[in-house]
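Just so you know, these numbers use all the heavy atoms, side chains as well, and skip hydrogens, waters and symmetry mates.
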Amino acid sequence: MKILYFANIRQEIGISEEDIIIENKISIFELIELLKKRGLKYKNVFSNVKNIKCSVNCIFSNFDTMIENKDEIAFFPPVTGG
Amino acid sequence: MKILYFANIRQEIGISEEDIIIENKISIFELIELLKKRGLKYKNVFSNVKNIKCSVNCIFSNFDTMIENKDEIAFFPPVTGG
Amino acid sequence: MIVIQKKSFNYAKELDIFSKKNKLSGAISSFLGKVRDFSNLQKIDAIFIEHYEKMTKFQLSRIIEEAKTKWDIDDIIIIHRFGRLKIGENIVLIAVASKHREESLRSVEFIINWLKIKATFWKKEIGSDSTKWVKQKESDTDKIKKYNTSF
Amino acid sequence: MIVIQKKSFNYAKELDIFSKKNKLSGAISSFLGKVRDFSNLQKIDAIFIEHYEKMTKFQLSRIIEEAKTKWDIDDIIIIHRFGRLKIGENIVLIAVASKHREESLRSVEFIINWLKIKATFWKKEIGSDSTKWVKQKESDTDKIKKYNTSF
């Protein structure tokens, strides 16, 4: 699955997108746990998810949403446009 | 006193303004009664004052407002600008 | 600034000047009213607007002052035309510059709502068959009831 | 129409085109958001706007569709920039053409309020001393609570 990071999350992790292959459907909660194992930067970013929003295929989604390899997931802070 | 007429009232009376001299302070109610004696056009216009607004020196005023010779009075229908 | 004029005005140019004049205002909201080709009553060809010049200017300035007591506003412009206007022509432009969006949006709405009730303009519709003076809408008097304002 | 672009846009020219395109719409309301020279936190020199291109366009189109179900609207334009913007530059323009003023005023407000919550843009303030990502305001989340809308 494609994972995108934006704003301070992108900056802290240091990349704007990456691809991950998973075996079975998982929840976003589970994805976050997987990501936290990828290193300190991820661990820091995802240690507090209170200010992290996410989308699945461009739809704002809850962390219990189930996702699979064909999905595009994005993590970002609350938006501040306009 | 200067009396101004606008919109349909101006059109029905046939003039846009006129000067009237009064002896003592009167109310706008009394002014209307005076005007109604000036002819049929006035009588028709002022027969029903429900849709007539008035101002005294550019301030929207009630018909019991007292007026004198130095005042500028205007009669008009509810406004429809914008 | 209040401008009441017979001649047409250039919507884009006026807003351009206004925005440049208020370069550092974070928000500029505006309302443009134009002549429509029909009313509830008939197909119309043009409108004629009459006004009570001295009072109109005074009333608009009171509305502006009232808006300024309610919201933190950097600048306001109102342009309103009178005379004969054709279909599609601009009648009125209101623009408000402020630091935050809320103030400018609220005050543009406030100004147009009160203008409809307090500014001494009268509109006559010139149709193909007949001309008639426009009647004030009850919905317009309803729109000002929400404001804790009387003047 | 939705335009998301890096380059600056000409406020007046865009509205001029929009008004001419919707010549017979009686009301055109608009909101322009510009870069201010200060925030709550510091004096700023410029801002940087990042966005999630695919999602932003989708979200804005959903907001437009939602506005259209709520009000009788003739036309809508949203222009939003991204990249580095200097003080005083235009960030966003929203304009709505409709028959009556109520619809255009209400929907411009609706669109900017929802854009602030749902459109995937992120702003970074570039000050003389430091840069920091802007935090979403609680007052902005409050502003959408009044709408009987969820998406």
Side-chain angles (χ1 to χ4, degrees), chain B residues 1-20 26-29 31-32 35 40-82, chain C residues 4 31-36 39 47-63 78-83 85 90-94 108-125 131-141 143-144 150-151:
Chain B
M1 68 181 58
K2 199 174 181 184
I3 308 181
L4 307 175
Y5 306 106
F6 290 98
N8 62 320
I9 296 174
R10 171 185 58 70
Q11 234 175 8
E12 284 169 44
I13 292 181
I15 52 171
S16 59
E17 65 175 86
E18 61 186 320
D19 272 296
I20 284 183
I26 57 172
S27 71
I28 291 177
F29 271 125
L31 172 64
I32 288 172
L35 291 171
L40 196 61
K41 286 174 178 174
Y42 289 90
K43 215 170 162 175
N44 285 340
V45 164
F46 290 108
S47 65
N48 182 354
V49 294
K50 204 170 66 79
N51 280 313
I52 297 182
K53 301 273 183 185
C54 84
S55 66
V56 177
N57 303 322
C58 295
I59 305 276
F60 276 100
S61 301
N62 294 324
F63 286 177
D64 52 8
T65 305
M66 297 304 286
I67 50 178
E68 53 190 316
N69 279 327
K70 67 174 176 46
D71 292 329
E72 178 173 298
I73 319 299
F75 292 105
F76 44 78
V79 303
T80 55
Chain C
I4 302 171
F31 173 79
L32 175 70
K34 297 194 285 181
V35 183
R36 287 190 299 145
S39 73
I47 61 166
F48 173 79
I49 299 174
E50 176 172 329
H51 80 123
Y52 181 1
E53 186 175 351
K54 197 165 29 161
M55 184 161 171
T56 310
K57 212 143 193 171
F58 176 59
Q59 292 292 94
L60 292 179
S61 67
R62 288 175 77 193
I63 295 170
I78 303 178
I79 304 175
H80 201 299
R81 292 182 62 200
F82 63 92
L85 282 77
N90 300 333
I91 303 171
V92 59
L93 173 64
I94 296 164
V108 164
E109 189 188 346
F110 178 89
I111 293 167
I112 183 65
N113 283 349
W114 279 103
L115 184 153
K116 287 264 176 188
I117 298 301
K118 292 290 185 182
T120 44
F121 292 101
W122 300 276
K123 229 178 251 159
K124 189 157 74 170
E125 290 173 356
T131 70
K132 60 186 80 179
W133 290 97
V134 175
K135 288 211 167 23
Q136 195 177 71
K137 286 185 209 143
E138 213 173 307
S139 60
D140 285 341
T141 53
K143 284 193 181 85
I144 58 163
S150 62
F151 61 98

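- For the pair B:T80 and C:V134, the tightest heavy-atom approach, listed with the atom from each and the gap, is CG2-O, 3.4 Å.
- Only the side chain of C:I91 comes within less than 4.5 Å of a heavy atom of chain B; its backbone N, CA, C and O stay farther away.
- Pairing each heavy atom of B:V79 with each of C:T120, the nearest pair is CG1-CA, 3.6 Å.
- For C:K124, the part lying near chain B is the side chain, with the backbone staying farther off; criterion is any non-hydrogen pair under 4.5 Å.
- With a 4.5 Å cut-off on side-chain heavy atoms, B:F76 and C:M55 count as touching.
- The heavy-atom pair separating C:H51 from B:F6 by the smallest distance is O-CE2, 3.5 Å.
- Rounded to the nearest 0.5 angstrom, B:N8 CG and C:E50 CD are separated by 9.0 Å.
- Looking only at heavy-atom pairs under 4.5 Å with chain B, the residue among C:F82, C:F121, C:Y52 that has the most is C:Y52.
- Atom CG of B:N51 sits about 14.5 Å away from atom CH2 of C:W133, to the nearest 0.5 Å.
- Counting heavy-atom neighbours within 6.0 Å of C:E53 CD, excluding the residue itself, gives a total of 12 or less.
- Scanning all heavy atoms of the two residues, the minimum distance from C:K123 to B:G82 falls at NZ-O, 2.7 Å.
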